[in-house]
Protein chains: 2
Amino acid sequence: MKLQQLRYLVEVYKQGLNVSEAAEKLHTSQPGISKQIRLLEDELGVQVFVRNGKRVVDVTAPGREILRISDRILREAQNLKRVAEEFVNEEEGSLVIATTHTQARYALPPTIQEFLKRYPKVKLSIKQGSPTQICEQVVAGEADIAIATEGIDLFPELAMLDCYQWNRSVIVPDHHPLLDLRGQVTLADVAQYPIITYDFAFAGRSKINRAFETARLTPNVVLTAIDTDVIKTYVGLGLGIGIIASMAYDRYRDEGLFAIDASHLFEPSTTRIGIRRDAYLRGYAYSFIQGFAPALTRKVVEQAMGQSEED
Amino acid sequence: MKLQQLRYLVEVYKQGLNVSEAAEKLHTSQPGISKQIRLLEDELGVQVFVRNGKRVVDVTAPGREILRISDRILREAQNLKRVAEEFVNEEEGSLVIATTHTQARYALPPTIQEFLKRYPKVKLSIKQGSPTQICEQVVAGEADIAIATEGIDLFPELAMLDCYQWNRSVIVPDHHPLLDLRGQVTLADVAQYPIITYDFAFAGRSKINRAFETARLTPNVVLTAIDTDVIKTYVGLGLGIGIIASMAYDRYRDEGLFAIDASHLFEPSTTRIGIRRDAYLRGYAYSFIQGFAPALTRKVVEQAMGQSEED
DNA sequence: AGTAATTACGTAGAACGTAATGATA
DNA sequence: TATCATTACGTTCTACGTAATTACT
């Protein structure tokens, strides 16, 4: 049994049982993969894949177990490499953050700025996606850390940690009637105007819906976006009023738009970070997390990952 | 990185940083190991072992982490092989039980008899030792299942499951004065005679001590053994009275000895089985466990191992 | 027909063993 | 001096690529 053979297995599976694509992805030849998989199957005495003549068409029952374990082994091998890297150079490496537009644009900049100054040699990259996509990326090992606000409780592989709570604001163009009610805006007032807000998969959209439902109001959502900047643009064009994360409004930058605090209208949302429990995090990753949420010290994070018993 | 290299690392560590012994154990040449370890260290860019000139004298800080992860990887590789074996032939394989003399001699026989009849092709072996040794064997992967009564709560790698409770009896030779008190024996009565019982590391010996302590009595323990049969022998010779597990007394087999129930004198003990949480158990292993403790179905055991979320 | 996997075969490389050397206690 | 690890070197085996073949859609 060789680690490469396991890599081949898993990659063929990931590529939808296509040996050729797996070969491409792994920069090797397709006959090589074919042969190594057969060798492994011979060694184990069990078929991993079901073949219809010469096509790989399915995974056998033992194959499913074998793939699961192989995946774990490869992950640990990955961790092992990272441990080594950590000790070779604590300041160098890479860190992949998967997050939503709102976080990337409004919550993360100061943290990232600090981080880049502190760890100039670390290659930091940000991947955007919906909360679900983000978590999937972390689960798949394509990202190290997920930062999102919603829909991220369904991944048992991930440890989730609360970062901070935030509220919403209603943004309106200049001279909007809601501005006259300043301080006393109700949900009913808001429901009178066409609404532009986040896409359903995103940042606490469900909290917005729930608030209206509870008040037995039907909001007229005319446009949804995954992106606060898009929402602002259309609010600026007078197509409706926006409901956005308060932190996404800046009095100076967002000229011609005005924010009305709506923390009394909608439940606050909690932004969380998610990490694979079985991942090995580099030291600077812990540093990044604490930079973003000071309460999340290395100890706290490790405990949440279930690694505390070792230290 | 190759699985073999990891195997070499771990074996050198296990052999007390002795490369030659590791080579012997793995049936390969010592230069081979030396070279492969260096190759791996080069690849990782980190020393795993501290060398004093040409001697391996210690493990580096990263080395400790690397050894830990390597161990996990090798374990999983082991599991992978077992999965394959399971599917090749459900009825064939091996099962190693680590247990104490008392369990092996008095509690396990019916279960084992049944098991051998049901799975004639499985190579069953029993290793004896103290509760601590037993658990260490399971932790080290030298045994699959630990069965013991005491001192087995200190291994976080193991899942422990209760099997059954048992009480103690006092055994005495014929015509012993205690027999006249039948039914009303007290701790004070027992403390009047020289006592022969289990070694301290064993089967609930601490419960016996605690009972006397609580009653502010000092028992006169003249002999300890790890083995009920030894205890019986010396009781038969008139050297004292025995305190043993009730199940270890058989009225017909133990001619000349008489048992006095002592369940009111000592707390009952619970016999448990222990399994490595990250081990893959063969189907017949679950069957064995349930044969021994009917309440421990496969589901219950898997849940205790923390593997239930997958199925 | 076109796509995809296996077989056949040759080559470059790696793992391993033997023997010799160097270092440590 | 004896033990133990590394270096040197040669052989065998194996992983991998190219090309040809076979099977499936």
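First the proteins, then the strands, lettered A, B, ... as listed; each starts at 1. A quick note: this is a predicted structure, and the numbers were derived from the prediction, not measured.
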### Task
Give every residue pair that meets the side-chain hydrogen bond (donor to acceptor under 3.5 Å, both in side chains) criterion with at least one member in residues 46-60 of chain A, sequence neighbours excluded.
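Passing the test, one end in residues 46-60 of chain A: A:Glu41-A:Arg51.
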Carboxylate-amine/guanidinium contact [X] [Y], below 4.0 Å:
| X | Y | result |
| --- | --- | --- |
| A:Arg277 | A:Glu157 | no |
| A:Glu76 | B:Arg72 | yes |
| B:Lys121 | B:Glu91 | no |
| A:Arg298 | A:Glu302 | yes |

For [X] and [N], what is the distance between atoms [atom1] and [atom2] respectively, to the nearest whole Å?
| X | N | atom1 | atom2 | result |
| --- | --- | --- | --- | --- |
| A:Glu41 | C:dA5 | CD | P | 14 Å |
| A:Lys2 | C:dA14 | NZ | C1' | 11 Å |
| A:Ile37 | D:dA15 | CD1 | P | 14 Å |
| A:Gln5 | D:dT14 | CD | P | 11 Å |
| A:Leu40 | D:dA15 | CG | C1' | 14 Å |
| A:Arg38 | C:dA8 | CZ | C1' | 15 Å |
| A:Leu26 | D:dA15 | CG | C1' | 15 Å |
| B:Lys25 | D:dC4 | NZ | P | 16 Å |

### Contacts of type salt bridge (charged side-chain N to carboxylate O under 4.0 Å, His left out), residue A:Asp71, not counting sequence neighbours
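So A:Asp71 forms a salt bridge (charged side-chain N to carboxylate O under 4.0 Å, His left out) with A:Arg75.
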Taking N or O atoms only and anything under 3.5 Å, show me the protein contacts with nucleotides 16-19 of chain D, one pair per line.
| from | atom 1 | to | atom 2 | distance (Å) |
| --- | --- | --- | --- | --- |
| D:dC16 | OP1 | A:Gln4 | NE2 | 2.9 |
| D:dC16 | OP2 | A:Tyr8 | OH | 3.4 |
| D:dG17 | OP1 | A:Thr28 | OG1 | 3.3 |
| D:dG17 | OP2 | A:Thr28 | OG1 | 2.7 |
| D:dG17 | OP2 | A:Ser29 | N | 2.8 |
| D:dG17 | OP2 | A:Ser29 | OG | 2.8 |

### Task
For A:Leu39, report the nucleic acid contact type (base, sugar-phosphate, nothing); a contact means any heavy atom under 4.0 Å.
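Touches sugar-phosphate only.
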#### Entry: Side chains of B:Val10 and B:Val12 in contact at under 4.5 Å (non-hydrogen atoms)
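They are not in contact (no side-chain heavy atoms under 4.5 Å apart), so the answer is no.
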### Query
Between A:Leu80 and B:Leu44, is any pair of side-chain heavy atoms under 4.5 Å apart?
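Answer yes - side chains close enough.
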### Message
Less than 3.5 Å apart, any donor N or O on the side chain of A:Gln133 or A:Gln137 sitting next to an acceptor on the other?
### Response
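Per modelled atom types, A:Gln133 and A:Gln137 side chains form no pair under 3.5 Å.
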### Message
Checking A:Glu43 now: which residues fulfil side-chain hydrogen bond (donor to acceptor under 3.5 Å, both in side chains) with it, not counting sequence neighbours?
### Response
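So A:Glu43 forms no side-chain hydrogen bond (donor to acceptor under 3.5 Å, both in side chains) with any residue.
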### Query
Does anything in residues 42-58 of chain A reach DNA chain D, meaning a heavy atom under 4.0 Å, and if so which residues?
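Heavy-atom cutoff 4.0 Å gives A:Asn52, A:Gly53, A:Lys54, A:Arg55.
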### Query
Near DNA chain D, which residues from residues 13-24 of chain B have a heavy atom under 4.0 Å away?
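Those residues whose heavy atoms fall under 4.0 Å from DNA chain D, taken from residues 13-24 of chain B in numerical order, are B:Leu17, B:Asn18, B:Val19, B:Ser20.
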### Query
Are any side-chain N or O atoms of A:Gln5 and backbone N or O atoms of A:Lys2, one a donor and one an acceptor, separated by less than 3.5 Å?
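At least one qualifying donor-acceptor pair exists.
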